[in-house]
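Quantities reported herein were computed from a predicted structural model and do not represent experimental measurements. Naming convention: chains lettered A, B, ... in sequence-line order (proteins, then strands); numbering from 1 in each chain.
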Amino acid sequence: MIDVLKAERMSKVVVTAPKSFIEPVIGELYRFNAMHIISHVKSELDIGSPLESASRISEILVVVRALISKLSLQDEARLSNGFRALGVKNFAQLAKAVRLLQEDVNSRLEDAKRIGDELKVLDSKVSILSVLCGLPLSLEAYVPYSSISAFVGFVDSPELLRSELSVQTDEFELFSSGAKFVALFVPNSFRDRASGLLSANGFSELSLSLVGGLKGSPSLALDSLRARRSSLLKSQESISRQLVRLSQKWHDFLLLSDAFLSAELEKAESPLRFASSQNIFVVSGWVPDSGVDMLLQRIAMVTKGSVDVVVEAPHHGEDVPVKLSNPAQVKPFEFFMNLYALPRYWEIDPTVFMSFTFPLFFGIILGDVGYGAVTVFLLLFLSRKFPSAAPLAKVVMPAAFSSMFFGMLFGEFFGFEELFGFEIPHVISRVHQIKEMLMVSIAIGLVHVNAGIILGFLNELRHGLRKAVLVKGSWLVMEAGAALLALSVLNVVALPSYFGALLLVAGFVMLLLGEPMEVVEIPGIVSNVLSYSRLMAVGLASVGLAVVVNGFVEDFASSGGLMLIPAILVGIVGHSLNIALGLLGGFLHSLRLHYVEFFTKFFKGGAIPFQPFGKKIEEVF
Amino acid sequence: MAETGLIAIGAGLAIGLTAIAAGIAEKEIGAAAIGAMAEKSESFGKGLILTVIPETLVIFGFVMAFLIIGLAE
């Protein structure tokens, strides 16, 4: 009965079959996509070895992935229904097609690289020649002479250099162009002194080695280089166009191959998780009860009956992978379990309870019709704009509606309790009936914490009724004792006060017998229940802030005229800030009341998630 | 009249001191939680919960402050 509240029930299935059937069985398990394989640990039986095809598949896969990155294809890889979608018949054909494409792409990429390198050299040549163009010399003039030394480069001031040179000798030829460029020719005998003078003038040499092979006038050489450059640019463009065409043409093929080969590789490597001997292999794994019959049928079909299948229920306390199963309306709230920890297989899954109490607490904290409405629109916008935030939006949405509902109970609209002089009708006012709100909050806490204890009782039942009564029932007895004691001391009930005290001690002794360590938590339960006063406190703080903002707005607005502008600004900024704070506070505080106060009474958590082997095959044509 | 002033100071102390205490406690836990998250990002949920545990102190402070203010009536 309680199983309804737990994660999906599983069975352990152990399939033993001859090795000749390993491929069809793997294929069937993959398509079935509902078996959490238990990896075999080496025992008398060895770990299986990958199928022969594994290395071939991974070879092709490496090439395909390289091509995908070279052609910079980006897209979600879809799963194909096999060779048919790729237009090939088998791995050999696929490998051939991929290899041809690889050659094609690589030769083009090499061409592009060669052209790029040549362009780089060309550009440096062009920049040297365009400097040389300024001098009335042909390129042959710069080739090394036997008796003359040439210096080509830049100095701080050509005129200063000329005057300094002429002081020392008149056997020199100095050409200059622009503000700094010079070509100096001197006899070898004067070479050292010339070089000294040059460096005193801040000389930096222009290396001509790149243009060494060129002849004739620099400007003519420059023209031919520029012509070559534009033709190179053209072919570079055409190559990149070809690459774009290739990537468009092979886009689907490559992505489908990637998906297909990845799947095939996963299948081919799956025997690493099996046990195997000379002639047989053994796969064991967890399968949801609802799928067991279907799996048995399918396996019997592909192995033509020569298979041994054992189905057994999980042993008590075994680590069973957990797949939460909740109705569609509750499903979004599994988000909170994933955020915290998955309940263990043997535990009650509290998602159902959270789907009810989370919006309740959130609504009480952020109970304002206006704020709730803004939150609803904000969430609609968020989930449309950022699909990744959708799971979060789905759990906060009911909470936002609950805010609006409690806003009506509290009679609040953006912090106002009256609009245009009329009081908004309310059931209870958060601002004026603080004591009542405190009582309500603590009453909710009492119910919630005790619900947790009862769930803990149900969880403990699997260890026997005695244990459950001692460990969890004792808390209820103690609470009843404390309540009775208080009521009789206050003379509300006409009972002698030792009656309650006796009950309190009885509960204490029960807990001591059941779980002595938990005795230290007795004061904790009081603070747990009192902690629910945050439902009132955080809410009141939020209303307080809203009232302050409204006060400012009214002050500004009452001056009229231009002061309406700051009034509107303060209103928008203040309320936005308060909504942001309220959302954060409402979310965190309600979450915390669950995780800290509620869960600690029954929840252990920490199960491994159910990860079925395989994928649902999606047909692509 | 003087008594009302003292009551107000008492309420202020109740909430202010608890807030400081909660802040000091959360500082340490928060730093450790961020450290854990850097190692293992799944620990976000647990880290968040552990970090907010001490803020019950402020809630209690708030309730006490409210009860103290009630003395003035």
K.L.:
Sort A:L438 into side chain, backbone, both or neither according to what part of it lies under 4.5 angstrom from a heavy atom of chain B.
P.N.:
side chain
K.L.:
If you round to the nearest 0.5 Å, how far is CE of B:M64 from OG of A:S533?
P.N.:
11.0 Å
K.L.:
Please round to the nearest 0.5 Å and tell me the distance separating atom OH of A:Y340 and atom CG of B:L48.
P.N.:
11.0 Å
K.L.:
Could you look at B:V63 and say if it's the side chain, the backbone, both or neither that has a heavy atom under 4.5 Å from chain A?
P.N.:
side chain
K.L.:
Is A:R534 close to B:T56 at the side-chain level, that is, under 4.5 Å between some pair of heavy atoms?
P.N.:
yes
K.L.:
Give, as side chain, backbone, both or neither, the part of A:I434 having an atom under 4.5 angstrom from any heavy atom of chain B.
P.N.:
both
K.L.:
Against chain B, label A:A541 side chain, backbone, both or neither, depending on which of its atoms sit under 4.5 Å from a heavy atom there.
P.N.:
neither
K.L.:
Could you report the tightest heavy-atom contact between A:A537 and B:F62, atom names first, then the distance?
P.N.:
CB-CD2, 3.4 Å
K.L.:
Heavy-atom count check: over 12 atoms from other residues, nucleotides or ligands less than 6.0 Å from A:K331 NZ?
P.N.:
yes
K.L.:
Could you report the tightest heavy-atom contact between B:I59 and A:H589, atom names first, then the distance?
P.N.:
CD1-CE1, 4.4 Å
K.L.:
Of the backbone (N, CA, C, O) and the side chain (C-beta and beyond), which part of B:L50 lies under 4.5 Å from a heavy atom of chain A, both, or neither?
P.N.:
neither
